[in-house]
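Every chain is numbered from 1, with letters handed out A, B, ... down the list of sequences.
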Amino acid sequence: MEKTRIDLTYLETFAGGDKNFIKEMMERFLSDAPIQLTEIKQGIESKDWKVAYKSLHSFKSSVNFIAIQKIKDHVLSMEKMAKAEKDLDQLPQEYDKLENEIQLLINELKINLI
Amino acid sequence: MSTSKSFKIFALEDNALFSKMLNYILSMDDEHEVVMFEKGRDLLNALDQKPNLITVDYSLPDMTGEEVIQKLSTRMPHVPVVVISGQTDVKTAVKLFTYGVYDYITKEEDIRERLLNAINKIKVNQSLKEEVEHLREELSHKYEFDKSIIGNSKPMKKVFQMLHKTTDNAINISITGETGTGKEVVAKAIHYNSNRAKKPFVAVNIAAIPTSLLESELFGHEKGAFTGAISKRIGKFEEANGGTIFLDEIGEMQMSLQAKLLRVIQEREVVRIGGNQVVKLDVRIITATHRDLSKEMMDNKFREDLYYRLLGVPIYLPPLRERENDVILLAKHLLDQFIDQNQLEKITISSDAKQKLIDYHYPGNIRELKAIIELAAVMCEKNIILPSDIQYSSSSDLEAVMSKDMTLKEYNFEIIQRFLKRYDDNVAKVAKKLDIGKVTIYRYLKEIEELPK
């Protein structure tokens with residue numbers, strides 16, 4: 001069986017057991033994540049590394065609430081690359097991987113919310 | 001039950017999800033009115049709404065968190081700022097603390113607890129500040145000149161004239177007067193009626209502090225500066241910064257310390273003992289003494305340069321015996337105060353008792369009158385103070401003289417001798433006070449000398 005991509009520990013620490021609020025946050029992630037991914041993609045495609053860094057930095061805060069450590073680390077490493085403008089040629093591939101992971105995460109969240 | 005939103009929080013956070021979370025945590029307390037901002041510029045434009053606390057995300061879309069914090073530190077230096085950052089960067093944190101940031105919290109799992117703790121501490125600090133403000137406000141009313149300094153005798157009118165000249169400036173003031181004339185009350189009244197009223201008033205009695213401790217008491221010390229200095233301590237001058245320091249009994253200060261005090265006054269800065277950090281000072285100095293400092297200066301017991309630095313506006317507080325009917329005004333005031341403090345029924349002073357109060361010469365001045373009145377208030381029956389309720393201290397001059405069986409001539413000797421002592425052997429002054437000729441005094445002195453020992 002495939003491992004889950006959801007980790008709500010951080011969110012639960014905040015929400016202190018308020019299930020409605022946890023649900024609201026998950027829904028918010030579902031609506032925000034595609035927009036944030038688009039911003040990251042645009043930054044990378046236009047080689048505007050500042051935009052790429054800022055949108056990755058902001059996305060990092062979002063995945064922190066919902067995702068497992070592997071995804072968090074992935075976003076963090078991309079953020080570092082964009083900030084330092086280092087290994088930039090790898091960023092498009094890294095983005096594709098991230099988009100794929102987030103899509104799977106979104107699917108999983110949708111199932112959880114039913 | 002209705003709750004009032006008495007604590008306004010501005011939270012600056014660009015990440016929508018985190019912003020929602022932050023709003024959720026901050027709104028858990030019914031007292032909080034939370035306003036969320038996505039952009040630094042929007043928050044800066046809304047500062048006229050006077051927030052009690054601002055949280056700032058370090059990474060923002062339109063400007064850096066550092067820029068926002070820098071602007072906040074100049075525009076709203078008294079509003080606490082808590083930085084919430086996605087990065088654990090010690091250098092950044094240290095830098096932000098130099099702008100006066102209250103706390104630096106990273107977006108980690110314990111953020112909720114840390115944030116709520118920080119807010120609680122800020123609230124406690126703010127309520128303490130408000131309490132201090134309130135108490136200062138109360139004090140400034142309590143020390144209004146007319147309420148705190150009682151009297152309408154000629155010598156006191158002169159004092160009031162001088163006092164009104166001290167309120168709008170920071171000139172030093174030197175108060176002289178016999179013991180018990182109310183020098184500290186006057187010093188407090190000057191402070192609380194001045195434009196420094198909201199800053200501290202710090203009183204130091206030079207005579208009450210051992211010489212060896214006085215320097216550290218006044219100027220502070222660093223940890224380990226001397227044996228026993230187990231922690232850093234700020235001195236009274238630093239404590240009074242922005243306000244007023246009252247140095248009572250300045251005439252008792254040793255010459256060596258006088259030189260150090262002079263330096264602090266001249267340079268307007270202080271360095272704690274054992275330290276090297278210079279602390280800039282803006283302190284008004286009020287000094288008081290029962291000694292004649294100009295005489296002390298002539299006798300080389302008080303530095304001339306320091307004397308002139310401290311002199312400023314000299315205010316002489318007359319002894320009670322020279323204040324005509326102020327005795328009755330003061331007696332009534334002190335009695336009312338005592339009644340208030342002890343929640344007693346109204347007490348009045350009979351006419352005969354008033355006369356008895358006027359006839360006495362109060363070597364201990366107002367302090368003595370206060371003791372006499374309080375004792376009378378306790379002793380009196382039916383809430384009326386009678387002459388028999390007024391008891392003078394047996395150590396007082398007049399009582400001591402009157403208690404002896406002597407001839408009229410011997411009484412005269414005794415009175416002249418006591419007056420000469422009181423007025424530092426100033427024959428002209430004694431002659432004027434007793435309304436007799438100087439020759440009469442010299443004659444008595446000669447006769448006293450010729451008396452068999």
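To the nearest 0.5 angstrom, Arg112(B) atom CZ is 12.5 Å from Tyr10(A) atom OH. Atom CG in Leu17(B) sits 7.5 Å away from atom CZ in Phe29(A) (nearest 0.5 Å). The distance from the CE atom of Met25(A) to the CZ atom of Phe18(B) is 8.5 Å, given to the nearest 0.5 Å. Rounded to the nearest 0.5 Å, atoms CZ (Arg28(A)) and CE (Met21(B)) are 12.0 Å apart.
Aromatic ring centroids of Tyr24(B) and Phe21(A) lie under 6.0 Å apart.
Side-chain contact between Glu113(B) and Thr13(A) is absent, with no heavy atoms from C-beta onward closer than 4.5 Å.
Within a 6.0 Å sphere centred on CG of Asn276(B), heavy atoms belonging to other residues, nucleotides or ligands number 12 at most. By the 6.0 Å contact criterion, NZ on Lys20(B) is enclosed, its count of non-hydrogen atoms from other residues, nucleotides or ligands being greater than 12. Counting non-hydrogen atoms of neighbouring residues, nucleotides and ligands closer than 6.0 angstrom, the NZ atom of Lys8(B) exceeds 12 such neighbours.
Only the side chain of Gln36(A) comes within less than 4.5 Å of a heavy atom of chain B; its backbone N, CA, C and O stay farther away. Heavy atoms of Leu76(A) lying under 4.5 Å from chain B are absent altogether.
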Could you go through the side-chain contact (heavy atoms from CB on, under 4.5 Å) check for His57(A) and Asn15(B) one step at a time?
CA-CA 9 Å; His57(A) 179 77; Asn15(B) 177 279; over 6 Å; no
